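See structure below.
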Protein chains: 2
Amino acid sequence: MKNNIKVERAIKGMTQEDLANKVSVSRQTINAMEASKYVPSTVLALKIARLFGKPVEEIFILEKTD
Amino acid sequence: MKNNIKVERAIKGMTQEDLANKVSVSRQTINAMEASKYVPSTVLALKIARLFGKPVEEIFILEKTD
DNA sequence: TACAAATGTAAAGTTTATTTTACATTATGA
DNA sequence: TCATAATGTAAAATAAACTTTACATTTGTA
């Protein structure tokens, strides 16, 4: 699975820390997510999508290997 | 977070095991998810939503406590 | 009723998400 | 250039997802 968090965050002009605070996770979690180092929970995905005003499917994209 | 998996599964006429096989998890994982015993990963949520032909947000719903 | 399928549940184990702390590197603005 | 903000990264610890095995209960149906 890949994601567009970095792009959406840039559109909103937010830092990783800003986003982390808004969705109540650590900055490292955001950083690792942007680097696709792990798959976030559905709660986190829903919060991020809601914050960015886009559907989950537009931000998190399944890949063939998933 | 709550979810409508049980309802959507009934609409499709699938058993927990059917669904488990389709999204490559164990039947117990589906059973526990339906009982909201834990929050699934985003990959799993995307697979389930795709299978049901509905957006993630229609199947997984954030609550105030999230 | 009886049998089978479906569901519920539980415990132990493995894997993975997330936190915390800490430091190094990179960008940016005065 | 200097200072500071932002980002990258890493290791250790904790929490949570998910698996496997196993059994009990419920439900549908012949």
Side-chain angles (χ1 to χ4, degrees):
Chain A
M1 190 190 71
K2 68 192 181 81
N3 71 75
N4 300 326
I5 296 172
K6 197 165 189 168
V7 171
E8 297 296 333
R9 185 168 61 77
I11 291 173
K12 292 277 184 183
M14 300 175 75
T15 69
Q16 291 182 344
E17 193 157 26
D18 289 338
L19 177 55
N21 291 335
K22 289 261 188 185
V23 298
S24 304
V25 293
S26 70
R27 179 181 66 82
Q28 285 76 357
T29 292
I30 300 297
N31 187 283
M33 276 184 42
E34 288 188 359
S36 287
K37 284 189 183 155
Y38 61 74
V39 173
S41 75
T42 299
V43 165
L44 186 45
L46 285 168
K47 285 181 175 180
I48 290 174
R50 183 175 61 183
L51 188 66
F52 290 155
K54 301 207 170 162
V56 170
E57 284 86 347
E58 273 185 37
I59 297 171
F60 299 91
I61 297 104
L62 280 177
E63 290 172 308
K64 289 166 190 168
T65 53
D66 290 321
Chain B
M1 190 190 70
K2 67 192 180 79
N3 71 74
N4 300 327
I5 296 172
K6 196 165 191 168
V7 172
E8 297 296 333
R9 186 168 60 76
I11 291 174
K12 291 278 184 183
M14 300 174 74
T15 69
Q16 290 182 345
E17 192 156 27
D18 289 338
L19 177 54
N21 291 336
K22 289 261 189 185
V23 298
S24 305
V25 293
S26 69
R27 179 181 66 83
Q28 286 75 357
T29 293
I30 300 297
N31 186 282
M33 276 183 43
E34 288 188 357
S36 287
K37 284 188 183 155
Y38 60 72
V39 173
S41 76
T42 300
V43 165
L44 186 46
L46 286 169
K47 285 181 176 178
I48 290 174
R50 184 176 60 184
L51 187 66
F52 289 154
K54 302 208 170 162
V56 171
E57 284 85 348
E58 273 185 36
I59 297 171
F60 299 92
I61 297 104
L62 280 177
E63 291 172 309
K64 290 166 189 167
T65 52
D66 290 322

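Only a predicted model underlies this, so the values are computations on that prediction, with no experimental measurement involved. As a basis for the values below, the full set of heavy atoms in this structure was taken, side chains included, without hydrogen atoms, waters or symmetry mates.
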Roughly how many Å is it from CG in L44(B) to P in dA16(D), rounded to a whole number? 18 Å

Examine dG8(D): is either OP1 or OP2 under 4.0 Å from a nitrogen or oxygen in the side chain of N31(A)? Give yes or no. yes

L19(B) has an atom CG; how far is it from atom P of dG8(C), in whole Å? 13 Å

Test for a donor-acceptor pair under 3.5 Å between the base of dT7(D) and the side chain of E34(A), counting only N and O atoms. no

Here the gap from L19(B) atom CG to I48(B) atom CD1, rounded to the nearest 0.5 Å, amounts to 5.5 Å

Have a look at T15(A) and say if it touches a base, only the backbone sugar-phosphate, or nothing, with a 4.0 Å heavy-atom cut-off. sugar-phosphate

Tell me the interatomic distance from Y38(B), atom OH, to dG8(C), atom P, rounded to whole angstroms. 14 Å

Separation of atom CG in N21(A) from atom P in dT19(C), rounded to whole Å: 11 Å

Check the distance between dT9(C)'s P and M33(B)'s CE and give it to me in whole angstrom. 16 Å

Using only side-chain N and O atoms of Q16(B), determine if any of them is under 4.0 Å from OP1 or OP2 of dG8(C). yes

T42(B) side-chain N/O to S41(A) backbone N/O, donor-acceptor pair under 3.5 Å: yes

Check whether any side-chain nitrogen or oxygen of K6(B) sits under 4.0 Å from OP1 or OP2 of dA6(C), and answer yes or no. no

Give a yes or no answer on whether the side chain of R9(B) reaches the backbone of M14(B) with a donor-acceptor pair at less than 3.5 Å. yes

Quick check for you: to the nearest 0.5 Å, what is the distance between E58(B) atom CD and E8(B) atom CD? 7.5 Å

Nearest whole Å is fine: how far is dA15(D) C1' from K37(B) NZ? 18 Å

Check this one for me: any side-chain N or O of T29(A) less than 4.0 Å away from OP1 or OP2 of dT18(C)? no

Check for a donor-acceptor pair, side chain of N31(A) on one end and backbone N or O of Q28(A) on the other, with a separation under 3.5 Å. no

Any S41(B) side-chain nitrogen or oxygen under 4.0 Å from OP1 or OP2 of dT16(C): no

Distance, rounded to the nearest Å, where L46(B) contributes CG and dA17(D) contributes P: 17 Å

Counting only side-chain nitrogens and oxygens, does R27(B) get under 4.0 Å of the OP1 or OP2 atom of dT9(C)? no

Ignoring hydrogens and geometry beyond distance, is the side chain of Q28(B) in donor-acceptor contact with the base of dT21(D) at under 3.5 Å? yes

Roughly, in whole Å, what's the span from CG in D18(B) to P in dA6(C)? 7 Å

Under 4.0 Å between a side-chain N/O of R9(B) and OP1 or OP2 of dA6(C), yes or no? no

